[in-house]
Amino acid sequence: MTEDRRPGRYEPELIEAKWQELWARERTWEVSNEPGEPGPGAIPAEKSYVLEMLPYPSGEPHIGHLKNYALGDAIAHFHRRIGQSVLHPMGYDAFGLPAENNAIKTGVAPREATERSIAAYRHWFHRWGISIDWSREIATHEPSYYRWTQWIFLKLFERGLAYRKEAAVKWCPHDQTVLANEQVIDGHCERCGALVEARQLEQWFFRITDYADRLLDDLELIDWPEYVKAMQRNWIGRSEGAEVIFRCEELEIDYPVFTTRPDTLFGATFFVMAPEHPDVFKLAAGTAHEREVHEYVNHAVTESSDLRGDAEKQKTGVALGRTVTNPVTGGQIPMFVADYVLMEYGTGAIMAVPAHDQRDFEFAQAFSLPIRQVVAPVGQQTDGAGSAAATEAFVAHSEDEQLINSGQFSGMNAVEGSRAIVDWLDREGRGHASVSYKLRDWLVSRQRYWGCPIPILYCERCGIVPESEDRLPVELPDIEDYQPKGHAPLAGAQDWVNARCPQCGGRARRETDTMDTFVDSSWYFLRYCDARNDRAAWDRRVLRRWMPVDQYIGGVEHAILHLMYSRFFVKALADMELLDFQEPFQALFTQGMILGPDGYKMSSSRGNVVLPRPIVDRFGADAARTYVLFIGPADQDAAWSDTAIEGVHRFLSRLWRLGDQLAGEPGPAEQPGDPTGVDEALVRKANWAIEKVTGDLAERFAFNTAIAAVMELVNEVHRHPGAGLPARRFATATAASLVFPFAPHLGSEVFELLTGRRVWEEPWPVADPAMLQADTFELVLQVNGKVRDRVSAPTGASRDELERLALAARGVRSHVDDREVTKIVVVPDRLVNIVVR
RNA sequence: GCCCGGGUAGGCAAACUGGCAAAGCCAGCGCCCUUAAAAGGCGCUGCUCGCAAGAGCUCUGCGGGUUCGAGUCCCGCCCCGGGUACCA
C-alpha cells in the first residue's frame, strides 16, 4: 500500500479508509445515556439530539441522502466540538409498498430485498464517514422494533384513540386492493394506472382529530420554518362558525349545517346536500324527483375525484322535492342534492347563500333561485333584491359591513350581527357556535403484506379483542403469495390467522390488515434513545435525557404527514404519562433537493440521475459531502454540476498538500505571538475564518459560505509560501479544524499531520479578539452617496477625525469643489458620506 | 384564486442588522511549468476612454416612493418555482 502512495498527492480513498476504520474500531461516536463523565466535580454535559429523517432502504442511497446526512453530520460534529453530548443515531424505515411490489414482480421476498438494501445503506453511511452511534441502529421491520409499534397501537386502542369504522376508501379495481391516498396520482392507481374508485370498507383509524387544536396551538412552541407551520395550519384547517339546524317539517328531521357566516343566515334561500349524504334517497322517496335523484347520485359517486373536484365546471344538481325551514325567517326553502357539496366536510349539507358565496351564486343562477343580499358595506343601502351587488367580493365578514334585510338584526355590523344571530339560535335551540376542521382521522390499516401486523383478534364470542401485551410481538409470517386478491395477502396464512382469543381462550381470527408505514416512523426517534431496551419501548427517564430532538433535518415532502403524525403520537403518549414533553422536534431544517445537471428533478425516466457511488469513487467522500453543502444555500434546490465538484476537490487537495509539506517540518501549530507583516495577515485571516465559520454554523446553517471562508483561508496560506513557518502551520491547522465538520477525514488527517492530535477531541477554535480587528481600516468616502475615494484610517477614530480625513481626500475634493456642503454623515469604522448641493 | 419561496456578472452564488454590489466555486481567455499531456501555478474576465497608471459611467426583473445612502424598507406590476383549493 505504501509503495503505491506517490508523495505530494491527495489520495482520499486511503485517508478515508484509515479514519473510518479507526472510528469503527474505537466506536468513537457512541454516547452514553448517563449524563456527564464520571469523576469529581463532573458537570453534566449539555445534550444535543441531532437527527436526520430515517431512510427508506431501496437499492442504494441516492444523492439526496448524501446531502441529508452530510448536513446532519456537520451539525452533529459542530455540536460535539462546542462541548455537547451528541446523540446521532441511524435506522431504516423498512416496511412499505415498494418492497412488496418488487416481490410480486421479481419473486424476491420483501424481507430479503429489504435487508439487502439495508446492508447497502449501512455500507454507504460508513463509506461516507457519517458519525453515527451504531449501537442504537434499528429497522422498523424487525420484531424487536415492531413489537413496540404494536404496543403503542394497543395503548391507543385502550384510550379509544385507535378505532374501527366503515369509511369511503380508495380502491383499485385492477389490483384488487385499497390504496393509500399518496398512492393515488390524479385519480389513478400509481402502479397500474387504473381509475381509482371509492368503496365503503371497515378500516382502522387513529383519532388524530381529537388533537387538532393542540396540534395547531403548539406550533407556536417550535422553531420550524414558517412555511411548514403554515402547511400544517392549512391541513388542520380550523374554521370558526356555527352549526345551524334546518328542519324538514314533512319528515320531521333536523338537518344541522356548518357555516362560517352566520351573519348571512337571512340570505339562505336554498339548501344543498352532498350526493353521499345518507338521507338523500329517503328524502326523494315518493316525490316526482326520485328517479332523477338516483341517477344523479349514482353518477356523482362514481365520478373520479379530480373531475368532480374541478371548481371550474358548471354547477349541477337535482331538486329533492322537499323543503326545510330557515330558522330565522321561518320561510320554506327548497332542498337540492349537488356534487359541489362534500360529505367529508362539516355535516355534508349546507345552507346556500347565493348573495354572499360564489359557488351558491353560480348554482342559483343555473337553477334560477332567489338571491337575497343581507350584508352591505356600512352606509350603503340597497333594495334587497341584491342581484347586482351579489357579484361583489364574497369577503369574510368585517366591521365595515352591516346587516340588512335581516329583521331584528338589521343595522348591526357583520361581526356583532354574527354573534347576535348565534346567541339567538342558541336560545331558541336552533343552533350554536361551532368549530370545523379539515383534518380527518388517520386511516392506518392497509390490505398489504409488508407492514406491521395490527395486534387485534376477532373472537366469535368476545368480538374485537386486543392481543395481550405479553404475547407481543404478533410476528409477521413468511408467505409465498403477495398478490392482492381483494383482501389482505395475510388472509392466506391460515395457520397464522387462526388463533386463540386472549380473553376467553376460544377460537379467534387475527386481523390481516397491516399498519400504514407512517405508524412505524411516528415514534422511531423515541426508540433510538433506548434502542436496546427489551423490557419496554423506552425508559421514561432516558427519554428525559435526550428528547426532544434538538435539530431535525429532512426534505419538505414530509412537511405534513410524517411531521404531523409524530407530533400526534407524542401528545397522545404524553397524555398517557408515558413521556414528559409535548413536541418531538424542537427545531426543523428542511433541506432543498439536488436536481439533475439539467436543472430538473432527478428521475430515471429523464435519465438525469446522479448517483453518489461514482462520485465518491472518483473524488472521495469528503469532496462529495463538502460539495453538496457548498453548492448553494442548504434549504434551497440546486442543480448538480460535474465540473463544480472538481473545484471542491481542488480545494481539498490544496489543503492536503499544505498539510503534507508543513508536516515535514516539525513544530507546534498554535497561534504565534505578536506576528508581523505577512505572518500577521495570515494569523488575522485564520481568526477571521474561525469567526465566520462559527457564526455560519451556529446561527444560520450557512454551510456554503462557511466552506467558502475556509477556501479563502487555504488560498491565503497557499499564496504566501514565504510567510513564517509558525504562522503557516497555525493557519493550515485552523483550516483543517474548521473543515472537519464537512470533510471529517481530511480534517482529521491534516490536523494529525500538523499536531499529532485528534481534531474531534479538540474544542472548537475560538477567535482571538485582538486578531479580529486591525489597527487601521479602509475608510470609504462618498459624495452624495457615490463612492469617490478610499483612505486608510485608524480603527476607532473619532467622527471629527474621520470627517477631516474625508474632506482632505483627493477624490472627495474634486467632487465637492466649491459646492456647498449641507451635511456630513459619519459611520464610525466604516464610511463618511458628504452631501453637497 | 389564495398562501409561501425566488428573480444579482456567461452559470451557481455572497452581501446576516439600510452603509464599498458581486466573496467563493465553475465556465471562458491569456500565460508559466513540461519534450508533450495530465496535474499544478499566475493573471484577466460589467461598459467606455487609456500603452499604462488611472479616469468616467452603468448596474441587483420592471415602474414609483422613503432616505445622506436601497439588492436590502414601502407601494404598484411582470416572470419563475412550490404548496393548496368547490372546505360552506
Side-chain angles (χ1 to χ4, degrees), chain A residues 8-10 225-231 233-235 237-239 241 257-261 264 268 272 274 308-313 315 338-342 344-353 356-360 362-363 394 436-439 556-557 559-560 592-593 599 627 630-633 635-651 653-654 657 692 695-696 699-700 702 704-712 714-715 718-719 778-790 811 814 822-827 829-836:
Chain A
R9 195 191 151 103
Y10 170 47
E226 262 319 306
Y227 79 104
V228 176
K229 291 189 187 184
M231 283 166 76
R233 280 192 201 102
N234 291 339
W235 188 262
R238 183 188 153 101
S239 304
V257 301
F258 175 76
T259 177
T260 53
R261 295 290 307 273
T264 65
V272 189
R308 176 174 163 186
D310 182 5
E312 301 301 307
K313 85 170 186 183
K315 291 282 174 292
D339 67 1
Y340 80 92
V341 174
L342 308 175
E344 310 91 78
Y345 186 74
T347 62
I350 61 154
M351 65 178 215
V353 185
H356 303 287
D357 181 282
Q358 181 70 45
R359 298 152 300 174
D360 297 344
E362 287 166 18
F363 191 85
F394 299 99
S436 193
Y437 302 89
K438 287 187 212 173
L439 184 68
V556 214
E557 63 274 17
I560 297 171
M593 246 186 304
Y627 174 63
F630 178 67
I631 192 168
D635 58 351
Q636 233 167 263
D637 293 351
W640 179 267
S641 159
D642 283 325
T643 51
I645 189 176
E646 293 184 28
V648 171
H649 181 250
R650 273 195 279 270
F651 151 64
S653 304
R654 184 176 283 185
R657 283 198 308 274
K692 173 75 179 149
D696 284 352
E699 285 152 35
R700 51 191 203 124
N704 55 333
T705 52
I707 292 164
V710 185
M711 286 175 170
E712 283 193 59
V714 169
N715 290 344
H718 183 80
R719 262 198 295 273
E778 192 180 51
L779 179 68
V780 173
L781 303 174
Q782 300 181 333
V783 177
N784 285 350
K786 288 196 172 176
V787 179
R788 294 304 182 187
D789 208 343
R790 295 153 215 261
S814 66
T822 56
K823 189 173 181 179
I824 298 177
V825 180
V826 180
V827 183
D829 290 344
R830 216 182 275 260
L831 64 74
V832 176
N833 185 17
I834 294 159
V835 187
V836 297

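Reminder, nothing fancy here: chain letters follow the sequence lines and each chain counts from 1.
- For the pair A:Tyr345 and B:rA88, the criterion of a side-chain N or O lying under 4.0 Å from OP1 or OP2 is met.
- The aromatic rings of A:Phe363 and A:Tyr340 lie tilted to each other, with the angle between the two planes from 30° to 60°.
- Distance check on atom P: B:rA13 versus B:rU66 gives 34 Å, rounded to whole Å.
- Checked against B:rC42, B:rC86, B:rA88, the side chain of A:Asp339 finds its nearest nucleotide in B:rC86.
- In this structure, of B:rG41, B:rC86, B:rA23, it is B:rC86 that holds the atom nearest to the side chain of A:Arg359.
- Side-chain proximity of A:Glu712 to B:rC57, B:rA23, B:rG83: nearest is B:rA23.
- Only the C1' atoms considered, B:rG65 is 33 Å distant from B:rC12, to the nearest whole Å.
- You'll find that the side chain of A:Phe630 is closest to B:rC25, out of B:rU58, B:rC25, B:rC26.
- The CD atom of A:Glu712 lies 10.5 Å from the OG1 atom of A:Thr705; values are rounded to the nearest 0.5 Å.
- Of the candidate nucleotides B:rA21, B:rA27, B:rU58, B:rU58 has the atom nearest to the side chain of A:Lys786.
- When each of B:rC68, B:rC87, B:rA13 is scored by its nearest atom to the side-chain atoms of A:Gln636, the top-ranked nucleotide is B:rA13.
- Just one of A:Val272, A:Thr264, A:Asp360 meets the side-chain contact (heavy atoms from CB on, under 4.5 Å) condition when paired with A:Met351; it is A:Thr264.
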